[in-house]
Trainee: 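Dropping the structure in here first, questions after.
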Amino acid sequence: NLWKEDIDINSVENFEHEEIDYAIFHLESGFFATQGHCTCEDEAYISEGNVEGEEVECASCGKIYSIVSGDPISDLDQAPLKIYDVIEEEEKLYLSI
C-alpha cells in the first residue's frame, strides 16, 4: 500500500509493484506517477532526481522531464517518461497501470 502521508509535498518516492519500479510525485497540484527509471543509458532511478516545480531532473544524465506529461524538456530527442494515473481513495494512493 502507498499512503498519501508517506510522500512529502514537492518530493518523489520510488514504489515497486510486481518487480517494476514507479516514481510517485507529490506536487502542489496533486499526485503524479511516472516510470521508475530514466530513459537514459544508466536507467537511473527517477526518485533520486531533483524535483523543481512540475519538473524532475535525472540525477545521472541531468536531463529534465515534465512530471505531469512525461515529456522531455531539456533534450527533445530524449524518449518521454511513461506516465500513470494516480487514484486517491481516502488516505491511499493507487496507480492505474
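Values below: every heavy atom of this structure, side chains too, minus hydrogens, waters and symmetry copies. Everything numeric here is computed off the predicted structure, so don't read it as measured data.
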Trainee: Report yes if some heavy atom in the side chain of Ile97 is under 4.5 Å from a heavy atom in the side chain of His17; otherwise report no.
Mentor: yes

Trainee: Quiz question: by atom type and distance under 3.5 Å, do the side chains of Ser29 and Glu54 form a donor-acceptor pair?
Mentor: yes

Trainee: Indicate the atoms forming the closest heavy-atom contact of Ala59 with Glu48, along with that distance.
Mentor: CB-O, 3.4 Å

Trainee: So Tyr94 and Glu89, side-chain contact (heavy atoms from CB on, under 4.5 Å) or not? Walk me through it.
Mentor: CA-CA 8 Å; Tyr94 299 91; Glu89 286 186 15; 3.9 Å; yes

Trainee: Side chains of Trp3 and Lys92: closer than 4.5 Å at any heavy-atom pair?
Mentor: yes

Trainee: With a 4.5 Å limit on heavy-atom distance, are the side chains of Glu28 and Asn10 in contact?
Mentor: yes

Trainee: Between Leu27 and Val51, is there a side-chain heavy-atom distance shorter than 4.5 Å?
Mentor: yes

Trainee: Considering all heavy atoms of both residues, which atom of Ile67 and which atom of Gly53 are nearest to each other, and what is their separation?
Mentor: CD1-O, 4.4 Å

Trainee: Restricting to non-hydrogen atoms, name the atom on Cys40 and the atom on Ala44 that form the minimum distance, rounded to 0.1 Å.
Mentor: SG-N, 4.2 Å

Trainee: What is the minimum heavy-atom distance between Ile7 and His26, and which atoms define it?
Mentor: O-ND1, 2.7 Å

Trainee: Does Ile24 reach the side chain of Leu95, with side-chain heavy atoms less than 4.5 Å apart?
Mentor: yes

Trainee: Who passes ring-ring contact (aromatic ring centres under 6.0 Å, His included) against Phe32, sequence neighbours left out?
Mentor: none

Trainee: Assess whether side-chain contact (heavy atoms from CB on, under 4.5 Å) is satisfied between Leu93 and Ile87, documenting all intermediate values.
Mentor: CA-CA 6 Å; Leu93 299 174; Ile87 300 159; over 6 Å; no

Trainee: Is there a donor-acceptor contact under 3.5 Å from the side chain of Glu55 to the main chain of Ile64?
Mentor: no

Trainee: In terms of hydrophobic clusters joined by side-chain contacts under 4.5 Å, are Val68 and Val86 together?
Mentor: no

Trainee: Flag the pair Phe25 / Phe31 as yes when their ring centroid distance falls below 6.0 Å, and as no otherwise.
Mentor: no

Trainee: So, using side chain to side chain donor-acceptor pair (under 3.5 Å) as the criterion, who are the partners of Lys4 when residues are at least two apart?
Mentor: Glu88

Trainee: Please tell me if the side chains of Gln78 and Leu76 come closer than 4.5 Å, counting only heavy atoms from C-beta onward.
Mentor: no

Trainee: Within the distance-only criterion (no hydrogens, no angle test), does the side chain of Ser11 pair as donor or acceptor with the backbone N or O of Asp8 below 3.5 angstrom?
Mentor: yes

Trainee: Flag yes if more than 12 heavy atoms outside Glu43 fall under 6.0 Å of its CD atom; otherwise flag no.
Mentor: no

Trainee: Enter the distance from Glu57:CD to Cys38:SG here, rounded to the nearest 0.5 Å.
Mentor: 10.5 Å

Trainee: Should the pair Tyr45 and His37 be assigned to parallel (<30°), tilted (30 to 60°) or perpendicular (>60°) ring geometry?
Mentor: tilted

Trainee: Specify the closest pair of heavy atoms between Ser47 and Val12, including all atoms of both residues, with the distance to one decimal.
Mentor: O-CG1, 3.6 Å

Trainee: How long is the straight-line distance from CD1 of Ile83 back to CG of Asp71, given to the nearest 0.5 Å?
Mentor: 8.0 Å

Trainee: Any non-hydrogen side-chain atom of Asp42 less than 4.5 Å from a side-chain atom of Cys61?
Mentor: no

Trainee: Is it true that, when you exclude Glu41 itself, more than 12 heavy atoms of the residues, nucleotides or ligands shown sit nearer than 6.0 Å to its CD?
Mentor: no

Trainee: Is the closest side-chain heavy-atom distance between Ser74 and Lys63 below 4.5 Å?
Mentor: yes

Trainee: Regarding Thr39 and Tyr65, do their side chains bring together a donor and an acceptor under 3.5 Å, going by distance alone?
Mentor: yes

Trainee: Just how far is it from atom CD of Glu91 to atom CG of Leu2, taken to the nearest 0.5 Å?
Mentor: 12.0 Å

